[in-house]
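Following: one structure in structure tokens, then a few remarks.
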Amino acid sequence: MLELKVIRAQKERIVAGLKVKNFKNLDLVDQVLKLDDQRKAIQSALNDIEAKSNSASKEIGKLFKQGKRDEANALRASISGLKSQSQDLKDQLKSVGTNLEDALVQLPNIPHDSVPLGKGEDDNEVFQAWGEDLPILEDGAKPHWELAEQYNLFDLKLGVKITGAGFPLYRGKGAKLQRALIAFFLDEAEKAGYEEIVPPILVNEASAFGTGQLPDKEGQMYHATVDNLYLIPTAEVPITNIYRGEIVEEKQLPIKLTGYTPCFRREAGSYGAHVRGINRVHQFDKVEIVQITHPEKSYQALEDMLEHVKQLMDKLELPYRILRLCGGDVSFASALTFDFEVYSAAQKRWLEVSSVSNFETFQSNRMKTRFRNDKRKTELCHTLNGSALALARIFAALLENHQTPEGIVIPEALRSYTRFDIID
RNA sequence: GGAGAAAUGGCAGAGCUGGUUUAAUGCACUGGUCUUGAAAACCAGCGUGCGAGAAAUCGCACCGGGGGUUCGAAUCCCUCUUUCUCCGCCA
């Protein structure tokens with residue numbers, strides 16, 4: 001949620017930013033400001049009436065105590081009109097407040113200055129290309145779904161039987177590889193100074209709103225309607241919401257947290273060859289890193305997170321590139337997002353495996369996550385998060401890129417976790 | 001699932017027969033005095049949001065959430081949520 005005072009003070013910049021995001025309903029900005037003006041006027045009038053009513057009530061109390069019953073009753077009668085006036089203003093305030101809130105939550109975050117113009121994924125900027133030649137596999141190289149069948153690593157049909165399409169079942173060395181990757185990613189995050197969290201994987205409405213999943217992406221989440229809880233699409237939701245409504249001391253920043261969770265996404269409307277195997281699934285495992293920082297230090301933190309993910313990709317010996325997402329592809333809540341894509345040599349295409357974003361104050365304003373600055377005033381923090389890393393596609397890329405005629409070779413860094421060197 | 005009790009500031013904890021309560025008091029925290037330094041003691045400050053104002057400051061709201069009664073609600077009523085105790089079930 002954008003900050004009202006920023007919209008008011010820097011309207012030109014906001015409108016320009018919304019254009020970069022290809023946001024169409026620019027009139028909303030003026031509507032928001034108009035509603036806020038109305039809110040202020042009503043609030044001011046209400047305050048005056050309540051001040052009058054409060055002081056009169058105090059006086060009535062005093063008079064009763066002194067036994068001046070007649071005077072008290074006279075005063076009581078004289079302010080009887082105030083009540084309906086203030087009730088009227090309260091109703092107005094509530095309705096204007098609701099309209100303001102509804103309008104405000106429709107505005108996406110404005111992009112960082114470095115975000116390139118563009119409509120969709122084709123316009124993303126290659127921020128860091130893969131420096132070497134792309135790997136070329138020998139003839140007969142197989143896509144991961146064939147390798148998985150050959151070595152009995154996962155079974156999609158069983159997933160369908162138990163649940164439905166897009167819920168893979170891993171088994172044998174496939175299951176062990178999953179577990180090894182999770183442990184490896186968590187250990188690497190811990191080494192980088194992140195505290196490990198095991199959060200709930202169902203969240204309430206307030207949490208889903210806090211990080212921006214509601215009301216915008218309601219259809220993307222599984223909803224347990226009986227209890228009105230949502231299955232998390234990413235650990236970002238429960239972990240960032242730890243600090244919802246909190247005011248921390250400046251010296252506590254940056255707060256660095258990591259957590260492994262399964263992630264659930266309905267992915268409504270995705271079909272075809274691009275979703276074969278485990279390229280796109282409804283349930284996958286992910287280790288997420290989250291940072292809550294001082295506003296002036298968030299872009300340094302973003303760079304640190306990029307470095308962290310790069311190092312993971314290097315240790316897994318996978319070819320990757322980094323994209324800077326264009327205005328049309330940056331998510332609703334994000335100011336700047338870098339995507340990591342792994343090159344799948346067998347499918348000969350790039351697959352997104354990590355998304356690292358700075359949300360600036362967009363989430364913290366929704367969540368009211370603040371710190372006390374050196375003037376002892378409260379100020380919104382910046383929030384960031386990144387996948388480090390998302391498993392299903394990394395799993396697929398490992399199989400495809402490390403396949404040899406003898407089997408699938410496990411990267412050196414992972415062997416102490418898998419406790420096998422090859423899948424054959 | 002059944003029965004009962006409770007929810008007050010960072011924490012502890014009064015107020016809860018409705019009206020000088022501006023939410024007592026203690027601890028913690030911040031600044032100061034004293035001290036070579038520290039501790040102790042003493043003094044002062046110490047919640048959040050909104051509104052008005054150039055500012056000092058002033059006003060309004062907030063005692064788990066929402067609603068109600070009343071001139072006036074932390075206090076009375078309704079409702080939801082959460083916690084605790086006992087019973088039942090259970091990894």
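Each chain gets a letter, A, B and so on, in the order the sequences are listed, and its residues count up from 1.
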To the nearest Å, give me how far apart CG (A/Asn373) and C1' (B/U30) are. 15 Å
Output field: ring centroids A/His294/A/Phe371 closer than 6.0 Å: yes
Rounded distance in Å - CG (A/Leu89) to C1' (B/A61): 14 Å
Are A/Phe284 and A/Phe395 an aromatic pair by the rule of ring centers under 6.0 Å? no
Between atom CG in A/Asp36 and atom C1' in B/G51, what is the gap in whole Å? 11 Å
I'd like to know whether NZ of A/Lys315 has more than 12 heavy-atom contacts from other residues, nucleotides or ligands below 6.0 angstrom. yes
Where RNA chain B forms stems, i.e. three or more consecutive Watson-Crick or G-U pairs with both distances under 3.5 Å: B:1-7 with B:81-87, B:10-12 with B:25-27, B:29-33 with B:41-45, B:47-52 with B:57-62, B:64-68 with B:76-80
At under 4.0 Å between heavy atoms, what does A/Ser78 touch on the DNA or RNA strands: base, sugar-phosphate, or nothing? nothing
Whole-Å distance, A/Leu82 CG to B/G59 P, equals 18 Å
Whole-Å distance separating the CG atom of A/Leu380 from the P atom of B/U48: 14 Å
Once you measure the plane-to-plane angle for A/Tyr417 and A/Phe184, does it fall in the parallel (<30°), tilted (30-60°) or perpendicular (>60°) bin? perpendicular
Tell me whether A/Gln128 at atom CD has more than 12 heavy atoms from other residues, nucleotides or ligands lying less than 6.0 Å away. yes
B/G47 OP1/OP2 closer than 4.0 Å to side-chain N/O of A/Arg372: no
I need the NZ-P distance between A/Lys40 and B/G49, as an integer number of Å. 16 Å
Nearest-Å distance for atom pair CD/P, residues A/Gln38 and B/C50: 19 Å
Assign a letter to each nucleotide of nucleotides 63-82 of chain B from its 5' end: B, base within under 4.0 Å of a protein heavy atom; S, sugar-phosphate only; -, no contact. ----S--BBS----------
May I ask you to decide if A/His144's main-chain N or O and A/Glu400's side chain share a donor-acceptor pair within less than 3.5 Å? yes
Euclidean distance, atom NZ of residue A/Lys5 to atom C1' of B/G51 [Å, nearest integer]: 16 Å
For the side chain of A/Arg415 and the backbone of A/Ile410, is there at least one donor-acceptor N/O pair under 3.5 Å apart? yes
Using the ring of each side chain (for Trp, its six-membered ring), is A/Phe154 parallel, tilted or perpendicular to A/Tyr170, with breaks at 30° and 60°? perpendicular
Side chain of A/Glu50 only, heavy atoms from C-beta on: which candidate in B/C50, B/G59, B/A61 is closest? B/A61
Answer yes if the ring centres of A/Tyr230 and A/Tyr222 are under 6.0 angstrom apart, and no otherwise. no
